[in-house]
Amino acid sequence: MKELYIVALFRFRENYLMDAVEILNKLVYETRKEEGCLQYDLVEDADQKGVFFIVELWRSAEHHQQHNVSEHLTDFRKQAAPLLQDSVQVYKGYKTL
């Protein structure tokens with residue numbers, strides 16, 4: 001069973017940054033409690049205002065699939081949608097070295 005690495009990139013509209021940080025923090029807090037979540041860190045881009053990314057590490061793809069249908073992720077998606085400037089970009093992969 002391979003560990004799954006994910007980076008999710010979010011671009012929020014500048015006038016919604018406080019709301020964005022609030023819902024992102026809630027998502028991180030709840031997700032870190034999930035079985036199979038090894039890392040779930042929120043990072044704010046150093047150069048671009050309103051750009052955040054979440055660095056994730058899951059014990060397996062199956063654990064991530066469970067996360068994808070979690071209530072707190074579903075709630076986050078609904079709350080974040082009107083605040084986003086662009087579509088969320090998600091990159092998934094497995095460690096090669």
Please, which pairs that meet side chain to side chain donor-acceptor pair (under 3.5 Å) have at least one residue in residues 78-88, sequence neighbours excluded?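 Sorted pair list comes back empty.
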Just so I know, are the side chains of [X] and [Y] near enough to count as touching, which here means a heavy-atom distance under 4.5 Å?
X: Thr31; Y: Leu73; value: no
X: Asp45; Y: Phe52; value: no
X: Lys92; Y: Tyr5; value: no

ring-ring contact (aromatic ring centres under 6.0 Å, His included) with Tyr40: which residues, sequence neighbours excluded?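 For Tyr40, the residues satisfying ring-ring contact (aromatic ring centres under 6.0 Å, His included) (neighbours in sequence not counted) are His67.
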In terms of hydrophobic clustering (I, L, V, M, F, W, Y; side-chain heavy atoms under 4.5 Å; direct or indirect links), are [X] and [Y] co-clustered?
X: Val88; Y: Ile23; result: yes
X: Tyr94; Y: Val90; result: yes
X: Phe12; Y: Val55; result: no
X: Val28; Y: Leu84; result: yes
X: Val43; Y: Leu17; result: no

With sequence neighbours excluded, tell me which residues meet side-chain contact (heavy atoms from CB on, under 4.5 Å) with Leu9.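 Listed in chain order: Arg11, Val51, Phe53, Gln89.
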Just jot down the side-chain hydrogen bond (donor to acceptor under 3.5 Å, both in side chains) partners of Thr74, sequence neighbours excluded, or say none.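 None.
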Kindly indicate, with the supporting measurements, whether the criterion side-chain contact (heavy atoms from CB on, under 4.5 Å) is fulfilled by Arg13 and Leu83. CA-CA 6 Å; Arg13 299 171 199 215; Leu83 312 180; over 6 Å; no
What pairs meet the salt bridge (Lys or Arg N to Asp or Glu O under 4.0 Å) rule with one or both residues in residues 20-35, with sequence neighbours excluded?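 For residues 20-35: Glu30-Lys33, Arg32-Asp41.
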Count the heavy atoms belonging to other residues, nucleotides or ligands that lie under 6.0 Å from CZ of Phe76, then report whether that count exceeds 12.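 Enclosed.
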For residues 57-64, please give each side-chain donor-acceptor pair under 3.5 Å, one per line with the distance, not counting sequence neighbours.
{"residue": "Trp58", "atom": "NE1", "partner": "Glu56", "partner atom": "OE1", "Å": "2.8"}
{"residue": "Ser60", "atom": "OG", "partner": "Glu62", "partner atom": "N", "Å": "3.4"}
{"residue": "Ser60", "atom": "OG", "partner": "Glu62", "partner atom": "OE1", "Å": "3.3"}
{"residue": "Ser60", "atom": "OG", "partner": "His63", "partner atom": "N", "Å": "3.2"}
{"residue": "Ser60", "atom": "OG", "partner": "His63", "partner atom": "ND1", "Å": "2.7"}

